[in-house]
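A note on names: the letters A, B, ... follow the listed sequences, proteins ahead of strands, and every chain is numbered from 1.
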Amino acid sequence: MIHGIDARLHQAVLDTFEATFGKRPADRQIQIQTTRAEFEGDRTLVVFPLAGMAGAPPHVAADALGQALTEACDWISGFNVVKGFLNLSLTDACWNAAIQEALTLPNWGHAPTGSKSQVMVEYSSPNTNKPLHLGHLRNNFLGYSVSRILEAAGHDVKKVQIINDRGIHICKSMVAWQKLGQGETPASTGEKGDKLVGRYYVAFDKAFKAEVAEGVANGLDPKEAEAASPMLQEARTMLQRWEEGDEEVVALWKTMNGWVYEGFDATYNAMGVSFDKLYYESDTYLLGKKHVEQGLADGVFFQKEDGSIWVDLTDDGLDEKLLLRGDGTAVYMTQDIGTAILRFADFPDLDRQVYTVGNEQEYHFKVLFLILKKLGFAQAEANHHLSYGMVELPEGKMKSREGTVVDADDLLLEMRNTARSISDELGKVDDFSEDDKVQLATQVGHGALKYFLLKVAPAKSMMFDPKSSIDFFGNTAPFIQFNVVRCKSILRNTGATTSTLTWDQATPLDAAERHLAAGILGFPDVVQEAAASYDPSLIANHCYDLIKAFSSFYQDHPIAKEEDAATREARLGLTALVSETVSNGMAMLGIDMPERM
RNA sequence: GGCUCUGUAGCUCAACUGGAUAGAGCAUCGCACUACGGAUGCGAAGGUUUGGGGUUCGAAUCCCUACAGGGUCACCA
C-alpha cells in the first residue's frame with residue numbers, strides 16, 4: 001500500500017469497474033502492486049481476478065478498465081496493458097501531493113499512540129546461572145524490536161521478563177561458591193557478577209561429574225552414583241532450606257542473585273533494551289498451584305496414585321503432561337500457568353501477550369495455551385509464542401561444554417572495537433571528543449550487530465561465523481547510517497526543514513524520484529505488516545531498499561546543487577523524508593542514527 | 001518413529017503472502033568519478049528455487065510424495 005495513493009486508486013477501480021461492467025468487485029479482488037521497472041507506469045492493477053466478473057478475457061477487461069480509469073481520473077495520465085496486467089501512469093501532481101502531505105505529518109510511519117490495544121511482550125528471561133550469549137542477543141533484539149514496532153503501529157506495549165531465580169540449579173552455584181569460593185566477590189575480583197556466578201555453576205558441574213565418576217569406579221551404576229553425589233545432596237538440602245525460608249540460605253541467595261542482576265543490567269544497558277516490569281519466579285512459582293488444584297476439582301485434570309496431577313491431552317494429539325509433582329512441588333508448567341493468569345490480572349486492559357522464546361519450546365507453549373483453554377481462562381486465545389530459530393555456528397549449535405559459546409559482552413565489545421578502528425582510519429570525526437567517538441563506535445558497532453540479527457525473518461535459524469566477522473559494508477546498518485548521515489549533512493547545509501519546503505505540484509518527477517516516493521509512502525503499511533506478523537525483518541529490508549535507492553539516486557541527481565528551484569525543493573523534500581523514514585525504521589530495530597560518522 | 005519448522009546463486013539472506021524475465025549483499029572480474037559526505041555508484045558472471053507429481057490463466061509460495069537438515073516428544077528450565 002502506497003500511502004495517499006493506493007487507497008484512492010482502490011476506490012477508483014471499484015467505482016469504474018462497476019460503471020463499466022455493472023458489478024462491484026470485492027475488496028480482496030483489487031490487487032495493486034508496484035509496476036516492474038521494465039514496464040511503463042507507476043502502479044499496476046492485476047486484472048486476472050476481475051476477468052471472470054467482467055465476462056471478458058483479462059487483457060480485454062484490462063484495456064476497457066484502463067480507458068475508463070484514465071477518463072474518470074484526472075490524476076491518472078495513461079495506461080498500458082501487458083497480458084492481464086494494467087499498468088497505470090500517475091500524474092506529477094498526484095505524486096507531489098502525496099509527498100507534500102507526508103512532509104506535513106508528524107512521526108512518519110507511526111500510527112497515533114494508544115490507537116490500538118494494550119499488548120505485553122516478554123523477552124530475554126535468561127537462566128541466571130549462565131552469562132548471556134549470542135542466542136540471547138537475538139532474543140533481546142527481537143523482543144525489544146517487536147515492542148517498538150507494536151508501539152509504532154499504535155499499541156500500548158508493556159515489556160516484561162520473567163527472571164528464573166529459584167530452583168535446584170541456583171542452589172548448585174551457591175553450593176559451589178560456598179565450598180570453593182573463598183569469599184570471592186565481583187568487587188574483590190573485578191569480574192562481572194554474572195560471569196562470576198556462571199563460573200561457579202560450571203565448577204559445580206565439574207565437581208559433580210568427578211564424584212559420579214568416582215562412584216562408578218567404585219562399582220555403582222551411573223544413576224546410583226549421581227544420587228550418591230555429596231555435592232548434589234548438598235544442593236538439594238539447600239533447596240529445601242531455601243523453600244523453608246532459612247535465613248542464611250536466603251541471604252546468600254540474595255547476595256549472589258544481586259551479583260548476577262548487576263552483571264545482566266550492564267549487558268542490557270549495552271544492548272539498549274529495557275523492561276517495564278520484572279517478574280521473579282520466586283514470587284510466582286506458587287501461584288500456578290491453586291489453578292492446578294482448581295482444575296483438578298473441576299475434573300479438567302486427573303491425579304495419579306502418587307498424588308501427582310496431570311492433564312490428558314491425547315484427544316488433542318498430544319501426550320499426558322505433568323502439572324504438579326507427587327510431593328506437591330511446582331514444575332515449569334505450573335508456574336507458567338500461574339504467571340500467565342497473573343499478568344492479565346496485573347494489567348486489566350491487556351489484550352494479548354507475546355512470548356519471545358526460542359523454537360525449541362514450541363511444544364511447551366502449545367501445551368500451555370491448550371491448558372489455559374481447558375481451564376476456561378477467558379484470555380486463553382490471547383497468547384502468542386513468538387518463536388525464533390537458533391543462531392548456529394559453522395560447527396553447529398553452540399555448546400558450552402565445547403567452549404563454542406559466543407559471549408554477548410565479548411561480541412558487543414568486538415563490534416565497538418571494529419567500528420572504532422574503521423572510523424579512526426577514515427578520520428572524518430577526528431574533531432570529536434573521546435566520549436563522542438565512543439558513542440559513535442557504539443552506535444555503529446552495535447547497530448551492525450542488531451541489523452545482522454534482525455534482518456533475517458525470526459522463524460529461520462541463522463548462521464553466524466565468528467571467523468568472518470560481521471560486515472560494515474553492503475546490506476548493513478553502517479551502510480544505512482552512512483547514507484542517513486549524508487542526507488542530514490545535505491539538509492543541514494541547506495537549512496531545509498520539513499516545514500519550510502514547498503514546491504509547485506506540477507513539478508516533474510522522474511522514475512528515480514517516483515521510486516523514492518513509493519518507498520517512503522509505502523512505509524506506514526510495512527510497519528503495520530511487521531506489527532501484525534511480529535517481524536522486524538520487514539522493516540529492515542524496506543529501509544535497506546529505500547536507502548539503496550537513495551544512494552543510487554544521489555549519484556546522478558544534484559540535490560542542493562540543482563538549479564531549478566522547484567526541482568531542488570522537491571528533491572530536498574524527498575531527502576528529508578528518506579532520512580526520517582529510515583531513521584524511524586531503524587529506531588524500531590533499536591538502531592541509532594548518528595549525526596556524523 | 002510421531003508431531004513440527006526449514007531447504008532459493010559458491011556463502012549469508014530477499015521475493016509485496018498465488019502475479020510479469022526469482023532479487024540483494026559478500027566473494028570474483030571489469031568500469032566510472034577530486035564526489036551537495038567515497039563507509040560510493042554502474043556493469044559482468046553466477047539459478048532446473050532439493051528431486052518427482054498435482055491444483056490453475058499463473059507456483060519458490062498451496063496439496064501429495066521422496067530425500068536432506070534443525071527442533072521437540074523430561075517429575076529440566
Does the ring of [X] meet both stacking tests against the six-membered base ring of [N]: centre distance under 5.5 Å and plane angle under 30°?
X	N	answer
A/Tyr363	B/rU4	no
A/Tyr332	B/rC76	no
A/Phe85	B/rG19	no
A/Phe39	B/rA20	yes

Under 4.0 angstrom between [X] side-chain N/O and [N] OP1 or OP2:
X	N	answer
A/Arg36	B/rG23	yes
A/Asn493	B/rG37	yes
A/Thr494	B/rC36	no
A/Ser461	B/rG70	no
A/Lys460	B/rG7	yes

Please pick, from [options], the nucleotide with the shortest atom-to-atom distance to any side-chain atom of [X].
X	options	result
A/Ser551	B/rU40, B/rC42, B/rA24	B/rU40
A/Glu38	B/rU21, B/rA24, B/rG19	B/rU21
A/Asn359	B/rC75, B/rA77, B/rG71	B/rG71
A/His364	B/rC75, B/rA77, B/rU40	B/rA77
A/Arg325	B/rU40, B/rA14, B/rC75	B/rC75
A/Trp310	B/rC75, B/rU40, B/rA14	B/rC75
A/Phe479	B/rG37, B/rC16, B/rU40	B/rU40
A/Asp319	B/rA77, B/rC73, B/rA20	B/rC73

Count the heavy atoms belonging to other residues, nucleotides or ligands that lie under 6.0 Å from CD of A/Glu40, then report whether that count exceeds 12.
no

Neighbours of RNA chain B within residues 555-577 of chain A, by heavy-atom distance under 4.0 Å
A/Gln555, A/His557, A/Pro558, A/Ile559, A/Ala560, A/Lys561

Who is the Watson-Crick or G-U wobble partner of [N], with both distances under 3.5 Å?
N	value
B/rC16	none
B/rU21	none
B/rC29	B/rG43
B/rU55	none
B/rA35	none
B/rU50	B/rA66

[atom1] gap between [N] and [M], integer Å:
N	M	atom1	value
B/rU49	B/rG23	P	13 Å
B/rA60	B/rA22	P	9 Å
B/rC26	B/rC42	P	11 Å
B/rC62	B/rU8	P	15 Å
B/rG69	B/rC29	C1'	34 Å

Test for a donor-acceptor pair under 3.5 Å between the base of [N] and the side chain of [X], counting only N and O atoms.
X	N	value
A/Thr44	B/rA20	yes
A/Asn87	B/rA20	yes
A/Asp306	B/rC75	yes

Syn-anti status, with the boundary at 90° from 0, for the nucleotide B/rU17
syn

Length of the line joining [X]:[atom1] and [N]:[atom2], which is rounded to integer Å:
X	N	atom1	atom2	answer
A/Glu320	B/rG2	CD	P	21 Å
A/Asn475	B/rA15	CG	P	12 Å
A/Lys455	B/rG23	NZ	P	19 Å
A/Tyr544	B/rU40	OH	P	10 Å
A/Arg138	B/rG71	CZ	C1'	14 Å
A/Phe482	B/rG37	CZ	P	10 Å
A/Gln361	B/rG71	CD	P	14 Å
A/Phe452	B/rC11	CZ	P	15 Å

Select base, sugar-phosphate, or nothing to describe what [X] touches, counting heavy atoms under 4.0 Å on all strands.
X	answer
A/Gln481	nothing
A/Phe464	nothing
A/Gln335	nothing
A/Met597	base
A/Val456	sugar-phosphate
A/Ala457	sugar-phosphate

Between A/Glu226 and A/Lys209, is the closest basic N to carboxylate O distance under 4.0 Å?
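Here A/Lys209 does not pair with A/Glu226 in a salt bridge, since their nearest N and O are not under 4.0 Å apart.
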
Pair [X], [Y]: side-chain N/O donor-acceptor within cut-off below 3.5 Å:
X	Y	answer
A/Asp336	A/His364	yes
A/Asn140	A/Tyr123	no
A/Tyr332	A/Gln361	yes
A/Arg43	A/Thr35	no

Flag this pair as yes if the NZ/CZ of A/Arg166 is under 6.0 angstrom from the six-membered ring centre of A/Tyr285 and inside a 45 degree cone about the axis; otherwise no.
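Yes, A/Arg166 lies over the aromatic ring of A/Tyr285.
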
Measure from NZ or CZ of A/Lys321 to the centre of the six-membered ring of A/Trp310 and say whether it is under 6.0 Å with the direction within 45° of the ring axis.
no

Do A/Tyr201 and A/His169 make the cut of ring centroids closer than 6.0 angstrom?
no

Non-hydrogen side-chain atoms of A/Thr44 and A/Thr34 separated by less than 4.5 Å
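Contact flag for A/Thr44/A/Thr34 side chains = no.
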
Are the side chains of A/Ile163 and A/Ser125 in touch, meaning some heavy atoms are under 4.5 Å apart?
no

Hey, mind stepping through A/Asp510 and A/His557 against side-chain hydrogen bond (donor to acceptor under 3.5 Å, both in side chains) and telling me if it holds?
CA-CA 10 Å; A/Asp510 70 11; A/His557 290 70; 2.8 Å; yes

For A/Glu360 and for A/Ile168, locate the closest nucleotide of RNA chain B by heavy-atom distance; then report the residue assigned to the nucleotide nearer the 5' terminus.
A/Glu360

Closest to the 5' end of RNA chain B, once A/Phe553 and A/Gln33 are matched to their nearest nucleotides, is A/Gln33

